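The structure appears below as structure tokens.
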Amino acid sequence: MIILENVSKVFRIPHERTKTLYHKLLSFTKAGYSYEDLYALKNINIHVKSGEFLGIIGRNGSGKSTLLRIIAGVYRPTGGKVIVNEEISPLLELGLGFDNSFSCRDNIYVYGALLGYSRKQMSVKVDEILAFAELERFADAKLDTLSSGMRVRLAFSIAIQSVAPVILVDEVLAVGDKVFAEKCRNVFRALQKEGRTIVFVSHDTTSIKEFCNRVIVIHQGEIVGDGEPTEMVEFYNKRVLPAIDTVVPYNAKTRSAVSVFEKSSDGDSPPQSLSQVKVEAVIEKPVVKKSNGYNLKEFWEKRLTDNFNLSGVGNISFDERYNEYLYHQRLTVLKKVLKKYKIILEGKKVLDVGCGIGYFTKFYLDRSAKVTGLDIAPVVIDRLKKSIPSAEFIRADISSADGRLKKMFDVIHSFNTIIHITDDEKFQTTLMHLCKMLKMGGYLFITDYFGKTDYAPAPHVKFRSLERYKMMKEHGVDILEVCPIHRFLNNKLKSSSIKIKPAVIPIFLLFDSVLNFMNIPGGFDLKLMIAKKVGGNKE
């Protein structure tokens, strides 16, 4: 997730050349030494959701590359606020850091180090990188003996090794000849399929329309259009490219803020310097529409058919060992909760809602519980019936009107399931079903982010406030507490490429325990709600 609130960037252009310290000091006192402010970006407000492929188009000098550099942290904004909640991989200047006296192989290690990879991590990628760049024969040739096209191909092949959830792209698809360019486009199709968040700057409007699901048009440092790709490209070609000076915004009503650099209604002139600008944080709350094309069953059927493992049910941007750590931590918190409330699972009937690959189903079975796994995806039920025959598995949509099972349970477990039910009416139906299937004195475990307001970072996810869950009281279910599940590795180390050894996991768990004990929030993080059935249903 990327949020820019009223971001501005000003560069100072000196009118005289100051060669010495004396001239520098003199420039502060002598009127003859002056400069002007160049407003590269003016009051930019952008909200990029997770999994979105955002295109940015504009004429040369409009501020596109400056915007990417601010998001990447290369530039600091002169005013406003930038929020980036995930690791970023910037593909901004291909080949930056190459050494002409080094071989292709050596430059792979150097460039990889700039991207944050160790020598050991890059050593397993060398052959793959050379093959993709079609430079196997030149592995040990010095870089200065290669053509410019070969150098750029090598740089692109190294850069795409990143596994960061967010990728910033600045005109890197125009690489090599037509055949290699198509290979590059295939890479971006794969990244798009994986659900990566990509911000893509390009003058190639054909690529913009092919890849992007949303396009922003920038002119003279301001956003003048924000909408559907084909519509924005047409607006850019007809209105922005031929423009000599200012451009009337495509649709002023949809802009997140009125530019403070525009002339005011009372005739005042624009501010002469950024110190005169009053920066106000104005940002629209994301709304998930019912008609966004997202289908819960199709989403998980496709995702788990391809990856029926922790990579499938976990964060697909990270490797399986990373997801193993995250699930291990959730399981650790669950064990603490069971111990705290003295819940004995032996002989208890447990419903695992959204059982996925059966990770938590196995945990409950190991403690002699009678487990029923529920999932909407046929691939889940078919595979788990074969791999875990000691449990019962049922395919059903618990969010539908008839999705309630005609059974009662002592424990209902729903980890990372309800957040994928984005329709508010279906969300309420799901909560009602869970409450009605819970026995008197039974416990309900649900994970969500329980923020102050609802928040939808992507079409397939919607996090809800704790207030939304208070409706369970009507069905005799009380909320006992909400426990944080700290993700130390995700928020502190910011590395998705690390390979976690089993011996290291206790160290991370120790850090999580310390954060838990000190009640230090681990960012926008997952939490576990514990609720209990204390009364009858209100029909």
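Quick caveat, the model's predicted, so the values are computed rather than measured. The analysis underlying the following values was restricted to heavy atoms, covering all of them including side chains, and did not include hydrogens, waters or symmetry mates.
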Under 3.5 Å, is there a donor-acceptor pair between the side chain of Tyr294 and the main chain of Thr422? no
Return the NZ to CD distance between Lys209 and Glu231, rounded to the nearest 0.5 Å. 12.5 Å
Between Asp170 and Lys64, does a salt bridge (Lys or Arg N to Asp or Glu O under 4.0 Å) hold up when you go through it step by step? CA-CA 9 Å; Asp170 190 0; Lys64 305 184 301 297; over 6 Å; no
Only one of Leu154, Val110, Ile108 clears side-chain contact (heavy atoms from CB on, under 4.5 Å) with Phe98; which? Leu154
Show the nearest heavy-atom pair for residues Cys355 and Leu384, with the distance to one decimal. SG-CD1, 3.8 Å
Mind checking the OG-CZ spacing from Ser387 to Phe308? Nearest 0.5 Å is all I need. 6.0 Å
Steps toward salt bridge (Lys or Arg N to Asp or Glu O under 4.0 Å) verdict (Asp226, Arg214): CA-CA 7 Å; Asp226 184 348; Arg214 175 184 162 209; 2.9 Å; yes
Flag, side chain of Ser103 to backbone of Asp106, donor-acceptor distance under 3.5 Å: yes
Any donor-acceptor N/O pair, Asp99 side chain to Ser101 backbone, under 3.5 Å: yes
Steps toward side chain to side chain contact (heavy atoms under 4.5 Å, CB included) verdict (Asn416, Arg330): CA-CA 11 Å; Asn416 281 32; Arg330 295 171 197 174; 3.5 Å; yes
To the nearest 0.5 Å, how far apart are OH in Tyr75 and CG in Leu67? 12.0 Å
Aromatic ring pairing Phe53/Phe211, orientation class (parallel under 30°, perpendicular over 60°, tilted between): parallel
What pairs of residues pass the salt bridge (Lys or Arg N to Asp or Glu O under 4.0 Å) test when at least one of them lies in residues 136-147, not counting sequence neighbours? Arg105-Asp140
Any cation-pi pair here, Lys9 with Phe11, using under 6.0 Å and within 45°? yes
Can you give me the closest heavy-atom contact between Leu304 and Gly312, atom names plus distance? CD2-C, 4.0 Å
Flag side-chain contact, heavy atom, 4.5 Å: Val169 against Phe188: yes
Which heavy atom of Phe200 sits nearest to which heavy atom of Cys212, and what is that distance? CD2-SG, 4.0 Å
Could you grab the distance from atom CD1 of Ile57 to atom CE of Met232, nearest 0.5 Å is fine? 8.0 Å
By ring pair (Phe, Tyr, Trp, His ring centres under 6.0 Å), Phe102 pairs with (sequence neighbours left out) none
For a 4.5 angstrom cut-off between non-hydrogen side-chain atoms, does Gln220 reach Glu222? no
Glu228 side chain to Thr230 main-chain N or O, any donor-acceptor pair under 3.5 Å? yes
Does Ile46 form a side chain to side chain contact (heavy atoms under 4.5 Å, CB included) with Val48? I'd like the steps, not just the answer. CA-CA 6 Å; Ile46 299 176; Val48 185; 3.7 Å; yes
List the steps and the verdict of side chain to side chain contact (heavy atoms under 4.5 Å, CB included) for Arg185 and Arg189. CA-CA 6 Å; Arg185 298 170 80 87; Arg189 293 185 186 104; 3.9 Å; yes
Got a second to check how far Leu54's CG is from Asn213's CG, nearest 0.5 Å? 8.0 Å
Main chain of Phe132, side chain of Lys183: is a donor-acceptor contact present, judged purely on distance under 3.5 Å? yes
Step-by-step side chain to side chain contact (heavy atoms under 4.5 Å, CB included) determination, Val240 to Val217: CA-CA 9 Å; Val240 179; Val217 184; 3.8 Å; yes
Listed partners of Asp306 passing side-chain hydrogen bond (donor to acceptor under 3.5 Å, both in side chains), at least two apart: none
Does any part of the side chain of Leu143, heavy atoms only, come nearer than 4.5 Å to the side chain of Arg151, both counted from C-beta? yes
Is the closest side-chain heavy-atom distance between Thr197 and Pro165 below 4.5 Å? no
Can you check whether Ala141's main-chain N or O pairs, donor with acceptor, with Thr145's side chain at less than 3.5 Å? no
Do side-chain atoms of Ser8 reach the backbone of Gly79 as a donor and acceptor pair under 3.5 angstrom? no
Before accepting this row, confirm whether a basic side-chain N of the pair Glu298/Lys302 lies closer than 4.0 Å to the acidic partner's carboxylate O. no
Where is the tightest heavy-atom contact between Thr417 and Gly354, given as atom of each residue plus distance? OG1-CA, 3.6 Å
Within the 3.5 Å criterion, strictly below it, is a donor on Ser202 or Asp204 matched to an acceptor on the partner's side chain? no
Would you confirm whether Arg69, through its side chain, and Ser65, through its main-chain N or O, come within 3.5 Å as a donor-acceptor pair? yes
Strictly distance-based, threshold 3.5 Å: is any side-chain N or O of Asp375 a donor or acceptor partner for the main-chain N or O of Gly356? yes
Looking only at non-hydrogen atoms, find the nearest pair between Cys104 and Leu146 and report the distance. SG-CD1, 3.3 Å
Is the shortest heavy-atom distance from the side chain of Ile388 to the side chain of Lys362 under 4.5 Å? yes
Compare every heavy atom of Glu52 with every heavy atom of His47, then report the nearest pair and how far apart it is. O-OE1, 4.0 Å
Of Thr66, Asn6, Ile223, the one forming a side-chain contact (heavy atoms from CB on, under 4.5 Å) with Ile44 is Ile223
Any non-hydrogen side-chain atom of Trp300 less than 4.5 Å from a side-chain atom of Val380? no
Side-chain touch Phe415/Tyr359, heavy atoms, less than 4.5 angstrom: no
Angle class for the Phe299/His460 ring planes (parallel below 30°, perpendicular above 60°, tilted otherwise)? parallel
Within-4.5 Å side-chain heavy-atom neighbours: Ile56 and Val199: yes
Quick one: pull up CG in Asn295 and CD in Glu301 and give me the separation to the nearest 0.5 Å. 10.5 Å
